[in-house]
2 protein chains.
Amino acid sequence: MSLRHAILVLLQDQEASGYDLAREFANSIGLVWNATHQQIYLELGKLNDQHMVKFRHIPQDGKPDKKLYRITEEGRDELIRWLRKPAAPPRIRDAFMVKIAGGALSDSSSILRELDDQADLRRERLHTFEALAKKLDEQGREKDLFTYLTLRRGILDQQAWLHWADEVKTALNKREILSTSV
Amino acid sequence: MSLRHAILVLLQDQEASGYDLAREFANSIGLVWNATHQQIYLELGKLNDQHMVKFRHIPQDGKPDKKLYRITEEGRDELIRWLRKPAAPPRIRDAFMVKIAGGALSDSSSILRELDDQADLRRERLHTFEALAKKLDEQGREKDLFTYLTLRRGILDQQAWLHWADEVKTALNKREILSTSV
DNA sequence: TATTGCTGCGCAATCCGTTGAATAAGTAGT
DNA sequence: ACTACTTATTCAACGGATTGCGCAGCAATA
């Protein structure tokens, strides 16, 4: 389990509502990591039960009330404890990879089409990440270093994927030519 | 869900038992993707209920009986249908990345230590993948192309990660020097 | 005026995944 | 002789994650 820790990390330097967190997940970090609001609310509830976070009720006019959560001492302790523990390396569960593995069944053209679609998405992400990273770099605030580094991870990941996509493309094109020339 | 499709892909060209599949997951593909035998047996059961696979009982002496599964027409249809459907881009849930994001809390040295540990793992994987890829490449069998490409994905992924680790290292070292010189 | 979209929270059902364990018989090593 | 590992399957329990739904009110647009 690790969503709880991701939440604690986000709450480290700001008070936030479940909705805020959901948005943060959906934007910057979320393009790499993702979590739905249901999960987040649930996890916040649990964290609250365990006194890792506390909240205050903020009535708003025009908008519904909200709960602003902040991390507690206990929460910070738990976070630090977790940080010290070695993490298991993640496994990639990429459906598209399974598709490539099963590629012999489908025709190259449909694979190529989807490859292009995915590449567009990745390129988009890459640009968002790069823009964010550039902004952080220019501001040069020391405490943003870690956010910057996570962005770099996202950037390198997208680049690696795009590189791979190119390899797949050329390989499939070669195959295409061979089969049509026969 | 996608494990079912991964299984169907593997059953495409060979009949296999749950145990065989588990081993395949644990080796070649499994280093990238992973699934425990419990999950696989469960999924095979479901696939059987849905007539996507069928099996025959093989009594063995010395060893326990086994069930050899093979894909059915329906299974192949389902697989093809799934291959046509665009896949959702995967989300990375990398605990280590969360750690970096929360890095301001922990000291650089402990991060660096874990970084090295993870890097060792990744380097090991990289070598396994490269060895397998080389073997496939030398054999040059046309139908292995897709397996080769999935391996390439794994290779590029490890390389990107190692590259990132270097960046993190130099960034943290710079920071270390700054803080100790003050 | 009606529909859509955003802010904001929550419940329930189901599914997926992990962990742990049991059974069973052979084989290989100390 | 004892221990440990390999082949082979399955059950049970728990917790995480996803999907679907519902409530509530405001703002903007068609």
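Note on naming: letters A, B, ... go to the chains in the order of the sequence lines (proteins, then strands), and numbering restarts at 1 for each one.
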S.K.: Taking OP1 and OP2 of D:dT18, is either one under 4.0 Å from a side-chain nitrogen or oxygen of A:Gln39?
M.R.: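 For A:Gln39, the contact criterion (side-chain N or O under 4.0 Å from OP1 or OP2 of D:dT18) is met.
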
S.K.: Using whole Å, report how far CD of B:Glu43 lies from P of C:dG17.
M.R.: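 Taking atom P of C:dG17 as the reference, CD of B:Glu43 is at 7 Å.
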
S.K.: Rounding to a whole Å, what distance do you find between A:Leu42:CG and D:dG15:C1'?
M.R.: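 Value for this atom pair: 10 Å.
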
S.K.: Applying the side-chain contact (heavy atoms from CB on, under 4.5 Å) criterion to A:Lys46, which one of A:Asn48, A:Leu44, A:Leu42 satisfies it?
M.R.: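 So, applying the side-chain contact (heavy atoms from CB on, under 4.5 Å) to A:Lys46 and each of A:Asn48, A:Leu44, A:Leu42, only A:Leu42 qualifies.
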
S.K.: Between B:Arg153 and A:Asp94, is there a side-chain N and carboxylate O pair less than 4.0 Å apart?
M.R.: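 Salt bridge: yes.
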
S.K.: Nearest nucleotide by nearest heavy atom, which residue falls closer to the 5' end of DNA chain C, B:Lys46 or B:Gln38?
M.R.: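 Closer to the 5' end of DNA chain C: B:Lys46.
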
S.K.: Looking at B:Ser17, does any N or O in its side chain come under 4.0 Å of the phosphate oxygens OP1/OP2 on D:dT9?
M.R.: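 Answer is yes, contact under 4.0 Å.
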
S.K.: Do B:Lys169 and B:Trp164 form a cation-pi contact, if we require the NZ or CZ to be under 6.0 Å from the six-membered ring centre and within 45 degrees of the ring's axis?
M.R.: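 Here B:Lys169 fails the 6.0 Å and 45° test against B:Trp164.
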
S.K.: Round to the nearest Å and state the distance from A:Ile58 atom CD1 to C:dT7 atom C1'.
M.R.: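 These atoms are roughly 15 Å apart.
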
S.K.: Return the value, rounded to whole Å, for the distance between atom CG of A:Leu21 and atom C1' of C:dC9.
M.R.: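 Computing the A:Leu21:CG to C:dC9:C1' distance gives 13 Å.
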
S.K.: Just how far, in rounded Å, is C1' of C:dG8 from CG of A:Leu44?
M.R.: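 Rounded to the whole Å, the gap is 13 Å.
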
S.K.: Answer yes or no: does a side-chain N or O of A:Arg4 lie under 4.0 Å from OP1 or OP2 of D:dG16?
M.R.: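 Answer is no, no contact under 4.0 Å.
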
S.K.: How long is the line joining CG of A:Leu3 and C1' of D:dA17, in whole Å?
M.R.: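 Going from CG in A:Leu3 over to C1' in D:dA17 covers 9 Å.
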
S.K.: OP1 or OP2 of C:dG10 less than 4.0 angstrom from a side-chain nitrogen or oxygen of A:Tyr41, does that happen here?
M.R.: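 For C:dG10, neither OP1 nor OP2 has a side-chain N or O of A:Tyr41 closer than 4.0 Å.
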
S.K.: Quick check: any donor-acceptor pair below 3.5 Å linking the side-chain of A:His37 to the base of C:dG10?
M.R.: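 By the distance-only test, yes, there is a pair.
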
S.K.: Assess whether a salt bridge exists between A:Asp144 and A:Arg141, defined as any Lys/Arg side-chain N lying under 4.0 Å from an Asp/Glu carboxylate O.
M.R.: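 Counted as a salt bridge, because a side-chain N and a carboxylate O are separated by less than 4.0 Å.
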
S.K.: In whole angstrom, give the distance that lies between atom CD1 of A:Ile40 and atom P of D:dA17.
M.R.: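 Going from A:Ile40 (CD1) to D:dA17 (P), I get 11 Å.
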
S.K.: Among the nucleotides C:dG8, D:dT9, C:dT19, which one has an atom lying closest to any side-chain atom of B:Thr36?
M.R.: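 Side chain of B:Thr36 sits closest to C:dT19.
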
S.K.: Check this for me, if you would: do B:Arg23 and B:Asp20 make a salt bridge, where the nitrogen-to-carboxylate-oxygen distance has to be below 4.0 angstrom?
M.R.: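 Yes, B:Arg23 and B:Asp20 are salt-bridged.
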
S.K.: In whole angstrom, give the distance that lies between atom CD of B:Glu24 and atom P of D:dA8.
M.R.: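 So the CD-P distance, B:Glu24 to D:dA8, works out to 13 Å.
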
